[in-house]
Amino acid sequence: MNEEVELPLKILIADDSNSDRLLLKAIVQNQGHIPSLAVDGQEAIDAFERDQPDIILLDALMPNVDGFETARYVKSQRGDNFVPIIFLTSLNEADSLAQCLEAGGDDFLTKPYNSVILKAKINAFRRMLKMHVTLQQQRDQIAENNHRLIREQEIAKKTFDKVAHEGSLNA
């Protein structure tokens, strides 16, 4: 059986708590992924632009630029790329969790962090990332085929018009 080797994901961890950031870094590394760290939203934005992470773990409440503003920025700048954001939060009220999703988050992880749940979420988003890439490739192939078909139709029309213009149809 030919099993596909999974490449490590680049995971940005943005949290103003040193202990939470280091804990998440250890969990992510132990799962075979490549972490990058940010202590606030502005550092997270800079790291997003520089490192182009596959997934972002983003604390909701941080100094300077909070997680909500950071998520909105990331979603506005990602273009066609799918960059899942998992909000890290101690918030547990439904309104607060809904605010995470409305700001552009795709999921959330509540404190205290559970490595099994985090691994499951990362794996789920890995599958979604693969599906997104496949859909983009299929979309591009369809667009290319459509362009070729239109070009062939234009050539056929010019050929037909030329033949019709020269009076060959009467013969």
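Criterion: ILVMFWY side-chain heavy atoms under 4.5 Å apart, direct or through other members. Under it, Phe87 and Val65 are part of a common hydrophobic cluster. No path of Ile, Leu, Val, Met, Phe, Trp and Tyr side chains, each step under 4.5 Å between heavy atoms, connects Leu7 with Phe82, placing them in separate hydrophobic clusters. In the hydrophobic clustering of ILVMFWY residues, with side-chain heavy atoms under 4.5 Å counting as a link, Leu58 and Leu97 come out together. In terms of hydrophobic clustering, with Ile, Leu, Val, Met, Phe, Trp and Tyr side chains grouped at heavy-atom distances under 4.5 Å, Leu9 and Met128 are assigned to a common cluster. Residue Ile55 is not grouped with residue Val133 when hydrophobic side chains (ILVMFWY) are merged at heavy-atom distances under 4.5 angstrom, including chains of intermediate members.
One finds the CE atom of Met131 at 12.0 Å from the CD atom of Gln138 (value rounded to the nearest 0.5 Å). Once rounded to the nearest 0.5 Å, the distance linking NZ of Lys25 with CG of Asp15 reads 14.0 Å. In this structure, CG on Asp107 lies 7.5 Å from CG on Leu101, to the nearest 0.5 angstrom. Going from atom CD of Gln137 over to atom NE2 of His132 covers 10.5 Å, rounded to the nearest 0.5 Å. Annotation: the span from Arg151 atom CZ to Leu149 atom CG amounts to 10.5 Å, rounded to 0.5 Å. With rounding to the nearest 0.5 Å, the separation of CD in Glu43 from OG1 in Thr70 is 11.0 Å.
A salt bridge links Asp80 and Arg139; the closest N-O separation between the charged side-chain nitrogens and carboxylate oxygens is under 4.0 Å. Using a cutoff of 4.0 Å between basic side-chain nitrogens and carboxylate oxygens, Lys10 and Asp51 are not scored as salt-bridged.
At least one side-chain heavy atom of Leu118 sits less than 4.5 Å from a side-chain heavy atom of Ile122. Between Glu154 and Lys157, every side-chain heavy-atom pair lies at or beyond the 4.5 Å cut-off. Residues Val83 and Asp54 fail the side-chain proximity criterion, which asks for heavy atoms closer than 4.5 Å. Annotation: side chain of Met62 is not in contact with side chain of Glu69 (no heavy-atom distance under 4.5 Å). Contact of the Ser17 side chain with the Asp59 side chain is not registered, since no non-hydrogen atoms from C-beta on lie closer than 4.5 Å. Residues Asp20 and Tyr113 form a side-chain contact, since some pair of their non-hydrogen atoms from C-beta on lies under 4.5 Å apart. Contact annotation: the side chain of Leu57 approaches that of Val28 to within less than 4.5 Å [non-hydrogen atoms, C-beta and beyond]. Looking at Phe125 and Asp106, their side chains come closer than 4.5 Å, going by heavy atoms from C-beta outward.
Neither side chain, Asn81 nor Arg78, offers a donor N or O lying under 3.5 Å from an acceptor on the other.
Remark: the backbone N or O of Gln153 is not paired with any side-chain donor or acceptor of Lys158 at under 3.5 angstrom. Checking side-chain atoms of Asn146 against main-chain N and O of Ile142 turns up no donor-acceptor pair under 3.5 Å.
Across Leu24, Ile86, Leu22, a single residue satisfies side chain to side chain contact (heavy atoms under 4.5 Å, CB included) together with Ile13, and that is Leu24.
Lys119 NZ: 12 or fewer foreign heavy atoms inside a 6.0 Å radius.
For Asp46, the side-chain hydrogen bond (donor to acceptor under 3.5 Å, both in side chains) test picks out Gln42, with sequence neighbours left out.
The aromatic rings of Tyr73 and Phe48 lie perpendicular to each other, with more than 60° between the two planes, well past the 30° mark.
Nearest heavy-atom pair, Pro63 versus Asp40, reported as atom, atom and distance to 0.1 Å: O-CB, 3.4 Å. Minimum interatomic distance between Ser115 and Gln31 (heavy atoms only, all atoms of both residues): O-NE2, 3.2 Å. The shortest non-hydrogen separation linking Ala47 to Leu12 is CB-CD1, 3.7 Å.
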ask   = Passes side chain to side chain contact (heavy atoms under 4.5 Å, CB included), Ile117 versus Leu109? Steps please.
value = CA-CA 8 Å; Ile117 292 173; Leu109 186 65; 3.8 Å; yes

ask   = So Ile56 and Ile11, side chain to side chain contact (heavy atoms under 4.5 Å, CB included) or not? Walk me through it.
value = CA-CA 6 Å; Ile56 300 174; Ile11 300 179; over 6 Å; no

Trace of the side chain to side chain contact (heavy atoms under 4.5 Å, CB included) decision for Gln141 with Glu144 = CA-CA 5 Å; Gln141 185 64 50; Glu144 183 181 320; 4.3 Å; yes

